[in-house]
Amino acid sequence: VSRAPLVDGGGTNSGFSIEGEAAPAEGAEPLVEVRAATPGYFAAIGTPLRAGVGFARTAVDPRARRTVVNEALVRGYIHQREALGAKVLLGDMALEIQGVVADARQDGPDRAVRPEMYLSYLDWPVDSNAVLVVRSELPSADLLTLVRSTVAALRSDVPVYDLQHF
């Protein structure tokens with residue numbers, strides 16, 4: 001994922017609107033947290049898919065412009081219509097909602113849930129901020145050793161640091 005929950009302080013904030021909904025006043029656009037995520041990300045952090053589909057395990061085509069959003073975005077900004085197939089307008093892009101995931105408290109249990117949208121990491125790579133999220137039953141020390149050796153075998157030029165266990 002491009003920004004880790006509970007660690008990085010959020011994704012990239014961006015003004016947005018929903019195609020077919022009343023346009024917000026100039027300068028009063030709501031903000032959405034934008035994150036790039038891999039196909040297994042939602043399962044790894046235990047966030048269930050509520051509707052539609054998640055991301056494919058192979059790159060599709062970034063020109064397809066699809067997104068997965070959280071329930072907070074749907075509740076707050078998609079009125080009297082089906083969320084799946086609706087388009088999130090983000091700058092000059094229109095991204096079709098292909099899935100809806102449960103809300104996750106990205107900033108901590110005492111913080112409000114914010115609208116979020118996810119782009120497929122395979123179609124929208126964000127190398128400079130990549131965070132590896134792993135869910136495992138292995139003991140922490142064994143898992144950390146395995147993660148370091150696996151990353152080194154795949155890409156020896158990628159540093160592994162700031163490992164945290166939750």
Side-chain angles (χ1 to χ4, degrees), residues 1-16 29-50 52-73 87-166:
V1 69
S2 57
R3 298 276 186 217
L6 303 176
V7 178
D8 284 346
T12 301
N13 285 319
S14 184
F16 77 100
E29 296 91 357
L31 295 177
V32 63
E33 292 280 324
V34 181
R35 299 171 190 263
T38 59
Y41 174 69
F42 302 117
I45 67 166
T47 299
L49 185 67
R50 299 287 198 216
V53 296
F55 296 123
R57 294 207 174 271
T58 57
V60 181
D61 179 351
R63 293 173 293 182
R65 300 202 171 169
R66 304 236 165 127
T67 186
V68 173
V69 301
N70 70 345
E71 291 173 310
L73 187 143
K87 293 194 175 159
V88 178
L89 305 176
L90 193 67
D92 63 350
M93 292 188 300
L95 295 116
E96 182 179 330
I97 297 173
Q98 71 177 26
V100 178
V101 292
D103 291 333
R105 295 194 179 272
Q106 301 285 0
D107 298 323
D110 59 336
R111 305 291 287 279
V113 173
R114 294 184 282 184
E116 296 174 334
M117 64 184 294
Y118 300 86
L119 307 174
S120 171
Y121 196 94
L122 298 174
D123 293 326
W124 303 85
V126 185
D127 290 333
S128 64
N129 295 320
V131 175
L132 180 64
V133 177
V134 179
R135 183 181 199 107
S136 175
E137 306 236 349
L138 289 174
S140 295
D142 294 344
L143 179 60
L144 297 179
T145 299
L146 179 61
V147 167
R148 282 187 189 280
S149 63
T150 301
V151 170
L154 294 170
R155 292 275 310 267
S156 61
D157 61 320
V158 174
V160 177
Y161 61 94
D162 197 22
L163 298 171
Q164 297 181 27
H165 175 260
F166 294 97

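Residues Y121 and A36 share a closest heavy-atom pair of CD1-CB, 3.7 Å. Minimum heavy-atom separation, G54 to L49: N-CD2, 3.7 Å.
In this structure, OG1 in T47 is found 8.5 Å from CD in E116, a value given to the nearest 0.5 Å. Note that OG of S120 is 8.0 Å distant from CD of Q98, once rounded to the nearest 0.5 Å. Expressed to the nearest 0.5 Å, how far CG of L90 lies from CG of L119 amounts to 7.5 Å. Taken from NZ in K87 to CD in E96, the straight-line distance is 6.0 Å, to the nearest 0.5 Å.
Between F42 and Y118, the ring planes are perpendicular. Angles over 60° get that label, and only those under 30° would be called parallel.
Between L73 and F16 the shortest side-chain heavy-atom distance falls below 4.5 Å. With a 4.5 Å cut-off on side-chain heavy atoms, L95 and M117 count as touching. No side-chain heavy atom of I97 sits less than 4.5 Å from a side-chain heavy atom of V68.
Judged by distance alone, with hydrogens and angles left aside, the side-chain atoms of S149 form a donor-acceptor pair with the main-chain N or O of T145 at under 3.5 Å. Judged by distance alone, with hydrogens and angles left aside, the side-chain atoms of N70 form no donor-acceptor pair with the main-chain N or O of V101 at under 3.5 Å.
Qualifying salt bridge (Lys or Arg N to Asp or Glu O under 4.0 Å) partners for R50, counting only residues two or more places apart in sequence or in other chains: E71.
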